[in-house]
Amino acid sequence: MNIIEEKDIRVCPNCRKDVERSNMLYTRDCHGIISRLVCLDCYPVLMKRGYDGVYYTEADECIEADY
């Protein structure tokens with residue numbers, strides 16, 4: 001009996017490689033909130049500061065122009 005295993009393949013948003021989901025991790029922003037799903041090769045590079053992206057505060061999150 002042949003069983004075909006379907007793999008969950010996704011594209012890493014950083015390097016654009018096709019990667020199996022089991023070989024990916026979520027990065028976290030400066031407040032520890034899950035940011036994006038990247039491959040195992042990109043993860044250490046993006047998280048070398050301890051977080052993914054740039055540091056921000058609540059003042060940066062104002063989405064209304066007249067607020």
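Hydrogens, waters and symmetry mates are skipped; everything else that's a heavy atom, side chains included, is used. The structure displayed is predicted, hence computed values, not measured ones.
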- When you check the gap from the basic side-chain N to the acidic O, do R36 and D52 get nearer than 4.0 Å? yes
- K17 side chain near D41 side chain, heavy-atom distance below 4.5 Å: yes
- Are N14 and L46 close enough that some pair of their side-chain heavy atoms sits under 4.5 Å apart? yes
Would you name the heavy atoms of [X] and [Y] that are closest together and state the gap between them?
X   : Y   : answer
Y43 : Y26 : CE1-O, 3.4 Å
C30 : V54 : SG-O, 4.2 Å
C39 : C12 : N-SG, 3.5 Å

- Please check if I9 and V19 belong to a single hydrophobic cluster, counting links between Ile, Leu, Val, Met, Phe, Trp and Tyr side chain heavy atoms closer than 4.5 Å. no
- Query: Would I34 end up clustered with M24 when hydrophobic side chains under 4.5 Å apart are linked, directly or stepwise?
  - Reply: yes
- Message: So, applying side-chain hydrogen bond (donor to acceptor under 3.5 Å, both in side chains) with D29, which one of Y55, Y51, Y56 is it?
- Response: Y56
- Message: How long is the straight-line distance from CZ of R16 back to SG of C42, given to the nearest 0.5 Å?
- Response: 10.5 Å
- Checking side chain to side chain contact (heavy atoms under 4.5 Å, CB included) against R10, which of N23, L37, D18 comes through? L37
